[in-house]
Amino acid sequence: MCPGTGTSHIVLPKAAPGYAGSKRTLAVYDPAAAQQRADAARLSADAGALVPSPVGVAGEPIKAVPLAAAAPKERAEPPGIRAPKGLLAHLNLRLDLPVHFIDEKTVTATDVDPQQNRFRLPIDGVIRNLRPVLSHLDRQAANLVHVEAPRPRLPKLPKVPGEKTKKRRGREHGGLPVLVIERDAGIRELQLTRWESSGVCVIKGEGYMDFIKNCGFSAGDVMEIWAFKQKALRLFGVDIYQEGYHESPLYVLFINKGQMLPPPHALVVSNGVEETAQEHAP
């Protein structure tokens with residue numbers, strides 16, 4: 001009813017836009033088309049699904065594979081190194097001293113070449129496994145404080161006709177004194193250093209060729225490199241040592257795979273004079 005007029009009328013709902021006056025069509029169900037749409041949806045879902053890679057036994061659920069099976073195996077320590085009369089005891093070192101695997105290396109022709117007179121260490125193993133064992137002073141002596149990309153070589157000086165060109169002197173590297181141990185060669189004091197020009201880390205020093213000949217290494221031999229160093233516990237600025245033990249030099253152990261550890265009567269060779277390892281231990 002409209003107010004004030006006393007009359008009434010019916011209000012019809014408006015038709016939806018675009019459908020005014022149009023007839024509604026009925027869809028006919030097609031089973032074949034419905035099956036095609038279902039198959040297409042399933043293929044699309046499978047394309048984005050994550051499929052676990054086969055680990056361990058084929059067909060075994062990924063959760064059933066233990067983590068230890070996928071983890072890399074730790075390198076076993078040299079046998080007998082912690083025996084009561086083994087190498088650590090002979091060097092007057094603690095039997096529970098950590099012994100670190102540095103790397104595995106194939107001996108090259110340059111390692112046994114008298115013209116080269118050095119043993120090249122795998123730089124990745126030195127940075128990853130040996131450098132953390134060293135103190136800051138050790139790193140300074142071995143030139144391992146700041147390990148950067150090798151410096152570019154300086155250009156050669158131009159030759160002047162009629163004048164003799166002087167050979168540019170390289171830097172005196174020095175190195176960190178280390179005691180290198182091998183089964184047949186015994187123990188020798190050499191030096192560990194990194195060359196800045198090439199980024200190569202080497203063991204060198206007086207008596208190196210004698211030592212490496214006594215090792216009996218040949219090009220192609222596969223060997224393991226281990227290292228250990230007895231440190232003091234520094235507490236409130238004071239070095240604290242376990243009773244009967246003191247800080248030791250860095251020991252580098254060469255093991256030709258398939259051979260045993262050095263015999264207990266290994267000797268330290270220093271400047272051509274042989275002395276027992278017990279006397280050399282600090």
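Position 1 is the first residue of the sequence; numbering continues from there.
- Rounding to the nearest 0.5 Å places CD1 of Ile81 at 13.0 Å from NE2 of His90.
- Side chains of Val107 and Val112 form a contact here, defined as non-hydrogen atoms less than 4.5 Å apart.
- Here the closest non-hydrogen pair linking Gly174 and Thr193 is O-CB, 3.8 Å.
- In this structure a side-chain-to-backbone donor-acceptor pair under 3.5 Å is missing from Gln116 to Arg118.
- Under the 4.5 Å side-chain criterion, counting only non-hydrogen atoms from C-beta, Glu206 is not in contact with Glu189.
- A distance of 8.5 Å separates CG of Leu87 from OH of Tyr251, quoted to the nearest 0.5 Å.
- The backbone N or O of Arg94 sits less than 3.5 Å from a side-chain atom of Gln230, completing a donor-acceptor pair.
- When all heavy atoms of Pro249 and Leu179 are compared, the pair lying nearest together is CG-CD1, 3.8 Å.
- Counting heavy atoms from C-beta on, the side chains of Leu130 and Leu192 come closer than 4.5 Å.
- Arg82 CZ to Leu97 CG: the interatomic distance, rounded to the nearest 0.5 Å, is 7.0 Å.
- Considering CZ of Arg188 and CD1 of Ile203, their distance stands at 13.5 Å, rounded to 0.5 Å.
- In this structure, Ile127 and Leu144 have side chains that are in contact, with non-hydrogen atoms separated by less than 4.5 Å.
- Shown here for Cys201 and Val126, the closest heavy-atom pair between the two residues is SG-CG1, 3.9 Å.
- Counting only heavy atoms from C-beta outward, the side chains of Pro122 and Ile225 approach each other to under 4.5 Å.
- Legend: residues meeting side chain to side chain contact (heavy atoms under 4.5 Å, CB included) with Asn129, ordered by chain and number and at least two apart, are Ile102.
- The structure places CG of Asn256 at 5.0 Å from CG of Asp221, a figure rounded to the nearest 0.5 Å.
- With hydrogens and angles disregarded, a donor-acceptor distance shorter than 3.5 Å links the side chain of Asn143 to the backbone of Arg194.
- Arg131 places a side-chain N or O within donor-acceptor distance of the main-chain N or O of Val145, the cut-off being under 3.5 Å.
- Taking the side chain to side chain contact (heavy atoms under 4.5 Å, CB included) definition, one finds that Glu104 meets it with Arg75, Phe101, Val222, Glu224, Lys257, sequence neighbours left out.
- Counting heavy atoms from C-beta on, the side chains of Leu250 and Asp138 never come closer than 4.5 Å.
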Just distance, no hydrogens or angles: give the donor-acceptor pairs under 3.5 Å from side chains in residues 209-220, sequence neighbours left out.
{"from": "Asn214", "atom 1": "ND2", "to": "Asp210", "atom 2": "O", "distance (Å)": "3.1"}

I'd like to know whether Phe228 forms a side chain to side chain contact (heavy atoms under 4.5 Å, CB included) with Leu91, so could you lay out the CA-CA distance, the side-chain angles of the two residues, the decisive distance to 0.1 Å, and finally the verdict. CA-CA 11 Å; Phe228 48 93; Leu91 297 173; 4.0 Å; yes

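- Inter-residue side-chain proximity for Val180 and Phe119 is flagged as unmet; no heavy-atom pair is nearer than 4.5 Å.
- Atom CD1 of Ile187 and atom CD of Glu182 lie 11.0 Å apart (nearest 0.5 Å).
- Between Val202 and Tyr208 the shortest side-chain heavy-atom distance does not fall below 4.5 Å.
- Remark: of the listed residues Lys204, Arg120, Lys105, Lys105 is the sole one forming a salt bridge (charged side-chain N to carboxylate O under 4.0 Å, His left out) with Asp111.
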